[in-house]
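This report concerns only the one structure given below.
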Number of protein chains: 2
Amino acid sequence: MIVPVDRAAQAVEAARVLLEQEGREAMSMRRVAERVGIRAPSLYKHVPDKAELEIRLVAQGLAEIGAALAAAGPNLARLAAAYRAWALAHGRLYKLATDEPLPRDRLPPGLEAAAAEPLLSAFGDEHVARAVWASAHGLVTLELAGRFPPDADLDAAWAAMVAAYAPLARGSAR
Amino acid sequence: MIVPVDRAAQAVEAARVLLEQEGREAMSMRRVAERVGIRAPSLYKHVPDKAELEIRLVAQGLAEIGAALAAAGPNLARLAAAYRAWALAHGRLYKLATDEPLPRDRLPPGLEAAAAEPLLSAFGDEHVARAVWASAHGLVTLELAGRFPPDADLDAAWAAMVAAYAPLARGSAR
DNA sequence: GTCTATAGTGGGATAGAC
DNA sequence: GTCTATCCCACTATAGAC
């Protein structure tokens, strides 16, 4: 049985490993090709350019975050924990997926909305949902960047964030 | 009257202009030197390396943010507005100053604490202060990165953030 | 579909003359 | 303190042979 090799998919996977294990600078077409087992110029027979690899990684990241949130259910504390856990486990992919403007025209349709849906339905109000998303993003971003003092109690900071927004959630007694 | 030229200070200023006007890639030693009016190698007589320029810019950014917050007074809405305004007005410097681990050993002593003080004294609780800081950071970061949908009402998102944390501030009736 | 060769562009930093 | 010359590095991407 012949199993055709999907070089494009191999390249994306190679890019992800390089990104997550060694950082963004390691994700060069040369290194990607090396992992695939071919030379860099041959990559361009399977992928239009480097941006394509990055866009596919962004799509993977968004899809996985959305799935993690959906699996957490409607509870804010659980949503926050799931968001934090995914981001910390995939720090460099998280940064790649959130640092730059979304290439919306090259992303699978509905992906952005699907990733946002769990928070939106937990709060009902889109403005609150955005504030909560941004707050989680800020906490995780600063944690990943190592910007909090070394002795900072980040669990407590997350708890404070959850406590602040909890009264605005759908299920809460207001 | 002889006015000696401080090449190091000139280089830092040149780096800041290049960063803010053209982006981080434009901030090369060659471009910096060009703005100063000398050749790139001569820069190294006045500055040990490029990292020194970046560190001085981070210090400038932190000092200016701290000053903006201090000037805003203890009111949370005003603090948030000041934070947002400074960050949006200096987007690329803000990113430079918050994206990577703080080089604490090469920063002026007390600078980090001074920048954090206004928020800390507005809330009393360090955990809450960190959550608020991170929330503002997340909002401003996503706004700078162009990550919100084009039609998103960001004033409303900021208002939601302020409303969520306001009950935890010192002056509020609890 | 793979290769070699290479174009084109940039970067940080040092040596040594003046 | 400034210069020229240079090192050494890296990258994305294309041309054209096989």
Side-chain angles (χ1 to χ4, degrees), chain A residues 1-59 92-93 95-97 99-101 103 105-106, chain B residues 1-59 92-93 95-97 99-101 103 105-106:
Chain A
M1 180 171 159
I2 299 174
V3 179
V5 221
D6 183 342
R7 289 282 196 226
Q10 283 184 316
V12 172
E13 176 58 20
R16 177 158 179 171
V17 171
L18 286 166
L19 171 67
E20 295 210 38
Q21 293 186 355
E22 298 182 49
R24 189 156 185 179
E25 332 74 47
M27 196 182 57
S28 72
M29 294 302 264
R30 282 165 161 83
R31 295 289 309 277
V32 167
E34 184 190 344
R35 274 194 80 87
V36 171
I38 61 179
R39 303 290 181 170
S42 306
L43 239 29
Y44 292 86
K45 300 284 186 183
H46 309 283
V47 156
D49 51 24
K50 190 184 178 182
E52 177 70 18
L53 295 182
E54 295 175 341
I55 287 164
R56 293 214 203 177
L57 289 184
V58 170
R92 298 199 249 232
L93 179 55
K95 189 172 184 194
L96 178 74
D99 239 17
E100 280 155 70
D105 48 334
R106 294 181 68 177
Chain B
M1 183 171 157
I2 300 175
V3 179
V5 222
D6 183 341
R7 288 286 196 222
Q10 283 184 315
V12 173
E13 176 58 21
R16 177 159 180 171
V17 171
L18 286 165
L19 171 67
E20 297 211 38
Q21 294 186 353
E22 298 184 48
R24 188 156 185 179
E25 331 75 48
M27 197 181 57
S28 72
M29 294 302 265
R30 283 167 162 84
R31 295 289 309 277
V32 167
E34 183 189 342
R35 274 195 80 88
V36 171
I38 61 180
R39 303 289 181 171
S42 307
L43 238 29
Y44 292 87
K45 300 285 186 180
H46 309 284
V47 158
D49 52 22
K50 190 184 179 182
E52 176 71 18
L53 295 182
E54 294 175 341
I55 287 164
R56 293 214 204 177
L57 289 184
V58 170
R92 298 201 249 233
L93 179 56
K95 187 170 186 195
L96 178 74
D99 238 16
E100 280 156 68
D105 48 334
R106 294 181 68 178

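Chain letters run A, B, ... following the sequence lines, proteins first and then strands; every chain starts at 1.
- Leu18(B) contributes atom CG, which lies 8.0 Å from atom CD of Glu34(B) (distance to the nearest 0.5 angstrom).
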Could you walk me through whether Arg35(A) and Gln10(A) pass the side-chain contact (heavy atoms from CB on, under 4.5 Å) test, one step at a time? CA-CA 9 Å; Arg35(A) 274 194 80 87; Gln10(A) 283 184 316; over 6 Å; no

Nucleotide N/O of nucleotides 14-16 of chain C paired with protein N/O under 3.5 Å:
none

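- The stretch residues 8-37 of chain B has no heavy atom under 4.0 angstrom from DNA chain D at all.
- Here CE of Met27(A) is found 13.5 Å from CD of Gln21(A). Values are rounded to the nearest 0.5 Å.
- In this structure, the side chain of Arg24(B) does not engage the main chain of Arg92(B) through any donor-acceptor pair within 3.5 Å.
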Are Arg16(A) and Glu13(A) close enough, and set up right, to give a salt bridge (Lys or Arg N to Asp or Glu O under 4.0 Å), and what steps lead you there? CA-CA 5 Å; Arg16(A) 177 158 179 171; Glu13(A) 176 58 20; 5.7 Å; no

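- The CD atom of Glu54(A) sits 9.0 Å away from the CG atom of Asp49(A) when rounded to the nearest 0.5 Å.
- Atom CZ of Arg106(B) is surrounded by more than 12 heavy atoms from other residues, nucleotides or ligands within 6.0 Å.
- Set against dT2(C), dT4(C), dT2(D), the side chain of Arg39(A) has dT4(C) as its closest nucleotide.
- The CD1 atom of Ile38(B) sits 5.0 Å away from atom CG of Leu43(B), with the distance rounded to the nearest 0.5 Å.
- Residues from residues 50-57 of chain B that place a heavy atom under 4.0 Å from any atom of DNA chain D: there are none.
- Rounded to whole angstrom, the span from the CD1 atom of Ile38(B) across to the C1' atom of dC3(D) amounts to 10 Å.
- Side chains of His46(A) and Val36(A) form no contact here, defined as non-hydrogen atoms less than 4.5 Å apart.
- When each of dT2(C), dA13(D), dC3(D) is scored by its nearest atom to the side-chain atoms of Asp49(A), the top-ranked nucleotide is dA13(D).
- Regarding contacts with the backbone of dC3(D), a side-chain N or O of Ser42(B) is found under 4.0 angstrom from either OP1 or OP2.
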CA sep, side-chain torsions, deciding dist, call: Met29(A), Leu53(A), side-chain contact (heavy atoms from CB on, under 4.5 Å): CA-CA 10 Å; Met29(A) 294 302 264; Leu53(A) 295 182; 3.8 Å; yes

